[in-house]
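Reading through the structure tokens given below for one structure.
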Amino acid sequence: MSKEEKDTKITINETEEENDYSDERKAGRVLPIFIIGLLATCYYIFVVELCIFTVQLLEAKVTFLVIFHLLFLLCVWCYLRTVMTPPAVPPEKFRPSESDKQLYLSDERPQVLQEILIRTAKDLPIYTKDPKGDVRYCATCQVLKPDRCHHCPVCNVCILKLDHHCVFLNNCVGFSNYKFFLLCLTYAMLLCIFTSAVSLHFSILFWTHQLPNSPSKVPIIVLFCLTTIFSIILFLFCLGQSELALTNVTSREENDNIADDTTEENNPYNLGFSKNLREVFGNEKKYWFLPIFSSLGDGFSFPMGEATEDIEKNAAFAKPPNEGI
């Protein structure tokens, strides 16, 4: 195959992939607006229709408003941090030099291409290989993939410690915003549970005629139905994500394990529940519940499960000596 034919084939494949993910990109632009609109609607119903127009006791009104606003602000803060934090990409040292890049593009023999990649990766902290046992290389980004790094076809870029691409965020969840994502899920679940419980109480009062019918009745019942549904969905999602975080597995790795029929015992990054949590949330517990970046590590080298010392020492363990891949 000539170089021109090869370039034409790559262009055709890229165009097909672009079309495959165009719908997902369009949905990613619309769904965050939908989420914000849903939050604004629930905010209005709870604060105005329920607390201001329906709740009569001042103590109850103040208590409901304080708890709701605390959870609501934390949820929105975490959501915005997750959406607006740019995904972390491989640093420059994972890019082949211009000479190696030209050699790679000018040759088509798999063995020669692998020799180029092995020579480029020999001083880099790379352990993970593809199913064929070759060094992982992204031809689109023209970068060697660090451990736990994957190419997102929607964002069209390689992401460090990629968990998944979320259309509700219009962003990838990865090393730079994984903590914010977990906090967002947690606060959203707590907000929905609290709102569902309060709106259920007043819905029952309406149904049993302990409160007179008013224009607020229908919005409050709708609020109860919405928040109950989302409470169940978010609880199940939080349960799944918590299990992955506690075992130090990303959603992408979990899917790959299922596809390859492998087990958690093969996960080299599992340091135990405590150290796994510290890797995501950091060593300073005062930052654990705030959307402030405190995750440990650099996103491209990771502690291994065989290490028994603290994570800080494990970080050095994760960096291999200067030897071949």
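For reference, positions follow the sequence shown, starting with 1.
Under the 3.5 Å distance criterion, the side-chain polar atoms of D163 are left unmatched by any main-chain donor or acceptor of V173. Proximity of a side-chain donor or acceptor of D147 to a complementary backbone N or O of Y127 within less than 3.5 Å is detected. Under a 3.5 Å cut-off, the side chain of N248 and the backbone N or O of N267 do not form any donor-acceptor pair. Under the 3.5 Å distance criterion, the side-chain polar atoms of R81 are left unmatched by any main-chain donor or acceptor of I292. Y79 contributes no side-chain N or O that, together with a main-chain N or O of L169, makes up a donor-acceptor pair within less than 3.5 Å. Judged by distance alone, with hydrogens and angles left aside, the side-chain atoms of N171 form no donor-acceptor pair with the main-chain N or O of C166 at under 3.5 Å. Between the side chain of S106 and the main chain of L103, a donor-acceptor pair closer than 3.5 Å is present. Without hydrogens or angle criteria, R252 side chain to R148 main chain gives no donor-acceptor distance under 3.5 Å. Side-chain atoms of W77 do not come within 3.5 Å of backbone N or O of P291 as any donor-acceptor pair. Between the side chain of S295 and the backbone N or O of F281 there is no donor-acceptor pair closer than 3.5 Å.
Note on F235 and L183: same hydrophobic cluster, where clusters join Ile, Leu, Val, Met, Phe, Trp and Tyr whose side-chain heavy atoms are under 4.5 Å apart, directly or indirectly. Under a hydrophobic clustering in which Ile, Leu, Val, Met, Phe, Trp and Tyr are joined whenever their side-chain heavy atoms come within less than 4.5 Å, directly or via other members, V30 and F168 fall into different clusters. Taking hydrophobic clusters as Ile, Leu, Val, Met, Phe, Trp and Tyr residues chained together by side-chain heavy-atom distances below 4.5 Å, L80 shares a cluster with F34. When hydrophobic clusters are built by joining Ile, Leu, Val, Met, Phe, Trp and Tyr residues whose side-chain heavy atoms come closer than 4.5 Å, directly or via intermediates, F224 is not grouped with L39. A continuous path of ILVMFWY side-chain contacts below 4.5 Å connects F237 to Y178, so both sit in one hydrophobic cluster.
Under 3.5 Å, the side chains of T228 and S196 contain a donor-acceptor pair of N or O atoms. Counted by atom type alone, T250 and K161 present zero donor-acceptor pairs between their side chains at under 3.5 Å. With 3.5 Å as the limit, one finds a donor-acceptor pair spanning the side chains of S251 and Q241. A donor atom on one side chain and an acceptor atom on the other are found under 3.5 Å apart for N276 and N270. For the residue pair N156 / H151, a side-chain donor-acceptor distance below 3.5 Å is found, with atom types taken as modelled.
By the 30° and 60° cut-offs, the orientation of the rings of F46 relative to F68 is parallel. Under the 30°/60° scheme for interplanar angles, the aromatic rings of F72 and Y43 are found to be tilted. Note on ring orientation: taking the six-membered ring where Trp is involved, the planes of F64 and F202 are perpendicular (angle over 60°, cut-offs 30° and 60°).
In this structure, C238 SG and L185 CG are separated by 4.5 Å, a value rounded to the nearest 0.5 Å. We find the SG-CD1 distance between C51 and I45 to be 12.0 Å, quoted to the nearest 0.5 Å. How far CD of Q102 is from CD of E98: 6.5 Å, rounded to the nearest 0.5 Å. Note that CG of L200 is 12.0 Å distant from OG1 of T195, once rounded to the nearest 0.5 Å. The CE atom of M189 lies 12.0 Å from the SG atom of C184; values are rounded to the nearest 0.5 Å. Remark: I220 CD1 to L205 CG distance equals 9.5 Å, nearest 0.5 Å.
Ion pairing between a basic and an acidic side chain is recognised when a charged N comes within 4.0 Å of a carboxylate O; D130 and K132 show no such pairing.
Open room surrounds OH on Y287; 12 or fewer heavy atoms of other groups in view lie less than 6.0 Å from it. More than 12 heavy-atom neighbours from other residues, nucleotides or ligands sit within 6.0 angstrom of NZ on K101.
Residues T120 and L144 have side chains in contact (heavy-atom distance under 4.5 Å, counting atoms from C-beta outward). Side-chain atoms of Y44 and E49, non-hydrogen and from C-beta on, do get closer than 4.5 Å to each other. Inter-residue side-chain proximity for W207 and I204 is flagged as met; some heavy-atom pair is nearer than 4.5 Å. Residues P96 and I116 form no side-chain contact, since every pair of their non-hydrogen atoms from C-beta on lies 4.5 Å or further apart. By the 4.5 Å heavy-atom criterion applied to side chains, C155 and H165 are counted as neighbours. Taking 4.5 Å as the limit, every side-chain heavy atom of I35 sits out of range of all side-chain heavy atoms of I33. Counting heavy atoms from C-beta outward, E279 and F302 have side chains that approach closer than 4.5 Å. The shortest side-chain heavy-atom distance between S176 and L160 does not fall under the 4.5 Å cut-off.
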Might you work through the side-chain contact (heavy atoms from CB on, under 4.5 Å) test for T54 and F206, ending with a clear yes or no?
CA-CA 10 Å; T54 305; F206 278 120; 4.0 Å; yes
With side-chain contact (heavy atoms from CB on, under 4.5 Å) as the test, would you mind laying out the steps for I159 and V157 before giving the verdict?
CA-CA 6 Å; I159 310 294; V157 68; 3.3 Å; yes
Between L182 and K179, does the side-chain contact (heavy atoms from CB on, under 4.5 Å) criterion hold? Intermediate values first, please.
CA-CA 5 Å; L182 292 180; K179 175 192 173 183; 6.0 Å; no
Walk me through it: do K145 and C158 pass the test side-chain contact (heavy atoms from CB on, under 4.5 Å)?
CA-CA 8 Å; K145 293 182 181 179; C158 286; 4.3 Å; yes
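The hydrophobic cluster around I233 extends to I229, counting ILVMFWY residues whose side-chain heavy atoms fall within less than 4.5 Å of a member. In this structure, V66 belongs to a hydrophobic cluster whose other members, linked by side-chain heavy atoms under 4.5 Å apart, are L58, V62.
For H164 and F181, the gap between ring centers is short of 6.0 Å. Remark: aromatic rings of F175 and F293 are close, center separation under 6.0 Å.
Every side chain to side chain contact (heavy atoms under 4.5 Å, CB included) that S99 has, sequence neighbours left out, goes to S97. Residues passing the salt bridge (charged side-chain N to carboxylate O under 4.0 Å, His left out) test with D134, sequence neighbours excluded: none. For the side chain to side chain contact (heavy atoms under 4.5 Å, CB included) test, residues two or more places apart in sequence or in another chain that qualify with Q111 are E115. Scored by the salt bridge (charged side-chain N to carboxylate O under 4.0 Å, His left out) test, K286 finds E284 as partners (sequence neighbours excluded).
W288 approaches R278 most closely through the heavy-atom pair CZ2-CG, 4.2 Å. The heavy-atom pair separating C192 from L234 by the smallest distance is SG-CD1, 3.9 Å. Residues V167 and E24 share a closest heavy-atom pair of CG1-CG, 3.4 Å. Considering every non-hydrogen atom in both L113 and D107, the closest pair reads CD2-O, 3.5 Å. L65 approaches H69 most closely through the heavy-atom pair O-ND1, 2.8 Å. In terms of heavy-atom proximity, P303 sits nearest to Y269 at O-CD2, 3.8 Å.
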